[in-house]
Amino acid sequence: MNKKTSISILLKSKPEGQTVTVKGWVRTFRNNQFIALNDGSIITSMQIVVDRELLSEDVLKRITPGTALIATGKLIESQGRGQTMELVAEEILITGDSNPETYPLQPKRHSLEFLRKNGHLRFRTNTFGAIFRIRHHLAFAIHKFFNDRGFFYLNTPIVTGSDAEGAGEMFAVTAMDLGAIPRTEEGEIDYKQDFFGKETNLTVSGQLEAELGALALGNVYTFGPTFRAENSNTTRHLAEFWMIEPEIAFADLKDDMDLAENMLQYVIGYVLEKCDKDLAFLAERLENEDKNKPQAERAQPLLEKLKFVVENEFERLTYTEAFNILRNSKPNKKGKFAYPIDEWGVDLQSEHERYLVEKKFKKPVILTDYPKDIKAFYMRMNDDGKTVAAMDILVPGIGELIGGSQREERLDVLHARMKEMNIPTDEMQWYLDTRVYGTCPHAGFGLGFERLVLFVTGMSNIRDVIPFPRYPGSAEF
RNA sequence: GCCCCUUUAGCUCAGUUGGUUAGAGCGCCGGACUGUUAAUCCGUAGGUCCAAGGUUCAAGUCCUUGAAGGGGCGCCA
């Protein structure tokens, strides 16, 4: 096939009557004369001008929304308004018809619910095209950020034999015949006869393994699929999602917070530059969506929100400071919180996080030094004996975007914590060995990639920012 | 897992205190149109009112159960 030029590249060139070929899918066909052709490389469609003499009536009728075609012709400055250039067709080859009576996508606005049900075709819409181009650039920016800073990309296992992380319910991995599961004499499932000879699950986090890498390579990060079998039915949870988990050696909680804040500012700045057209489209979309909402429910304009995050420092405060703010807050005193703030040590609910982020500070907030009883065993114990060196980054509209901590590097303290929380130490010797041999202060965090995409695109349901969402009751495609 | 809302044409939605033949915009189909921009103009067709059961002289409208979808909460990234 002759070489195609992507529309994104053509739009950067000078239209001087040069002959070019574009290949894509018809969005609309106006006036029996103007094809809006989109090839996915950019949100902008190329206008193909068709001479009626050129094509037979039959071929003209076949140019409908969704039709795939190859158009060759001269690229000239557009005669009409609305686009800078257009392609005067000399040859049009239809490679795939699209029956307009059955093709679900019409040249009009569709609801996100409808497009979710037609998930196999939603890529062909402006909204989802923009989302998935931005998703790509965000992923690339994350790799670039870490690579530029000397981090090594480490792949941690997807099938894991470790069940001590406690980050959530896990999906079992087995090759056993589910109709005839082998049992021991005591009636327990006999995992010794399974493929790996032990109980295995899909990973809920690569952190513990990433620590092993960091305590040799210095700075590492993971970026891989993560699975949680929680029965979560919300707009910000998935059963299969992608998580980024950097882990840094010889570092404390402040280094960890600085890294997370710098990373978010870098990747958001990157897409503000690279994805200006897609972001502008999504910003306008969000604005239109919000027109029907009461003032109080309207979101901050998307570009304004993103620029603000890039240009301003995040608010940093401890759990205890946040607790005092919340306890003395109006909604708490007036009994507006479903979960009143009364006793130090309670876990903060999303209504509290939203108050801090959206009402009190109106910017991303980093909460640190949580009570030890509401956090995981591996987080470093603070000198007060009551709190741990944890940090959560909360952002408007989403809540928790990042969860991290300085890790407990002192063997005796870690051992005591594991015993206290009933974590079986004998199965975790591989983890404890990093503290037995050459331990050092280190820290890391987990970033939910889809939550980042949600935040950047201004979408509201996490199922719309991953190509093939998995959630309770649904695993299409 | 808990709570709330929705389900009417291909899509997005109206549909009054229960009352005759259920409507609109867009799309589709037919026609017009060589500078359109979700093109426009004219015309036609298109409905098991989510399903089952109930109340009533009468149900799209009220009640019960179920299904599907959406939102909030919890768990968390």
Side-chain angles (χ1 to χ4, degrees), chain A residues 27-36 44-55 60-61 64-66 76 78-83 86 88 99-118 125-126 165-169 204-207 222 224-245 260 288 292 297 337-339 347-354 374-376 392-395 398-404 445-455 460-464 466 471-474:
Chain A
R27 285 292 169 80
T28 64
F29 186 30
R30 291 184 290 266
N31 208 10
N32 261 348
Q33 195 186 1
F34 302 105
I35 302 169
T44 315
S45 292
M46 178 64 77
Q47 172 151 291
I48 315 285
V49 186
V50 181
D51 189 335
R52 235 181 248 184
E53 305 292 305
L54 181 75
L55 298 176
L60 282 176
K61 274 204 184 315
T64 62
I76 60 162
S78 180
Q79 315 282 295
R81 293 165 203 278
Q83 56 279 316
E86 61 194 14
V88 182
N99 183 347
E101 286 190 68
T102 55
Y103 187 58
L105 303 181
Q106 301 167 2
K108 60 172 283 192
R109 237 188 85 80
H110 289 289
S111 68
L112 292 172
E113 290 82 359
F114 175 77
L115 292 171
R116 238 169 261 155
K117 283 179 206 157
N118 290 277
T125 64
N126 283 336
E165 230 266 288
E169 293 295 311
V204 293
S205 165
Q207 181 206 313
T222 75
T226 310
F227 307 87
R228 305 264 167 99
E230 299 284 350
N231 189 12
S232 296
N233 295 288
T234 78
T235 53
R236 54 188 190 282
H237 287 87
L238 289 164
E240 176 184 287
F241 63 103
W242 289 68
M243 189 152 64
I244 295 101
E245 296 180 286
N288 289 334
N292 305 319
E297 288 174 32
F337 285 144
Y339 298 84
D347 208 348
L348 301 184
Q349 307 296 320
S350 44
E351 57 179 349
H352 308 130
E353 296 177 350
R354 270 211 312 277
I374 57 173
K375 289 292 180 185
D392 283 359
I393 300 188
L394 314 174
V395 296
I398 292 168
E400 189 176 344
L401 180 62
I402 282 178
F445 63 82
L447 164 69
F449 184 54
E450 282 74 18
R451 288 190 181 176
L452 176 64
V453 183
L454 257 191
F455 182 73
S460 49
N461 193 320
I462 202 165
R463 294 168 192 179
D464 293 330
I466 186 167
Y471 51 92
S474 179

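Values in this document were obtained by computation on a predicted structure and should not be read as measured data.
Checking B:U6 for Watson-Crick or G-U wobble geometry (two distances, each under 3.5 Å) identifies B:A68 as its partner. Judged by Watson-Crick or G-U wobble contacts below 3.5 Å, the nucleotide B:G30 has B:C42 as its partner. In this entry B:G19 has B:C57 as its Watson-Crick or G-U wobble partner, both defining distances falling under 3.5 Å. With a 3.5 Å ceiling on both atom-pair distances, the Watson-Crick or G-U wobble partner of B:G1 is B:C73.
Distances from the side chain of A:Gln349 to the nucleotides B:A77, B:G74, B:G70 place B:G74 closest. Comparing B:C28, B:G74, B:G71 against the side chain of A:Pro100 picks out B:C28 as the nearest. Side-chain atoms of A:Arg116 lie closest to B:G70 of the nucleotides B:C76, B:G70, B:G35.
Shown here are the side chain to side chain donor-acceptor pair (under 3.5 Å) partners of A:Thr234, two or more places apart in sequence or in another chain: A:His237. A search for ring-ring contact (aromatic ring centres under 6.0 Å, His included) contacts involving A:Tyr103 returns nothing, not counting sequence neighbours. A:Asn231 pairs by the side chain to side chain donor-acceptor pair (under 3.5 Å) definition with A:Asn233, not counting sequence neighbours.
At a cut-off of 3.5 angstrom, the base of B:C76 holds at least one donor-acceptor pair with the side chain of A:Arg451. With hydrogens and angles left out, the side chain of A:Arg228 and the base of B:A77 share a donor-acceptor pair within 3.5 Å.
B:A59 and B:U20 have their C1' atoms separated by 14 Å, with the value rounded to a whole Å. Look at the P atom in both B:U61 and B:U16: the space between them is 11 Å, to the nearest Å. As rounded to the nearest Å, B:G23 and B:U48 have P atoms that lie 15 Å from one another. Rounded to whole Å, the C1' atom of B:A68 lies 31 Å from the corresponding atom of B:C29.
Within the structure, a side-chain polar atom (N or O) of A:Arg30 is placed less than 4.0 Å from OP1 or OP2 of B:A39. At the phosphate of B:G69, neither OP1 nor OP2 sits under 4.0 Å from any side-chain N or O atom of A:Arg463. Dashed line: the shortest gap from a side-chain N or O of A:Ser350 to OP1 or OP2 of B:C73 is under 4.0 Å.
Within the 3.5 Å criterion, the main-chain N or O of A:Asp347 finds no donor-acceptor partner in the side chain of A:His352.
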One character per nucleotide, please: for nucleotides 1-8 of chain B, 5' to 3', B when the base has a protein heavy atom closer than 4.0 Å, S when only the sugar-phosphate does, - otherwise.
B-------
Heavy atoms under 4.0 Å is the rule here; annotate nucleotides 9-14 of chain B 5' to 3' with B where the base is hit, S where only the sugar-phosphate is, and - elsewhere.
-BBS--
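A residue-by-residue look at A:Thr64 and A:Arg354 shows that A:Thr64 has its nearest nucleotide of RNA chain B further toward the 5' end.
At a threshold of 4.0 angstrom between heavy atoms, the contacts of A:Glu450 with the nucleic acid are absent.
Within the model, atoms CG of A:Asn461 and CG of A:Leu112 stand 8.0 Å from one another, a figure rounded to the nearest 0.5 Å. Between the CD1 atom of A:Ile398 and the OG atom of A:Ser350 there is a distance of 13.0 Å, given to the nearest 0.5 Å.
Annotation: salt bridge (Lys or Arg N to Asp or Glu O under 4.0 Å) contacts involving residues 99-111 of chain A, sequence neighbours excluded, comprise A:Arg109-A:Glu289.
In summary, the side chains of A:Thr226 and A:Glu240 do not present any donor paired with an acceptor at a separation below 3.5 Å, with no hydrogens or angles considered.
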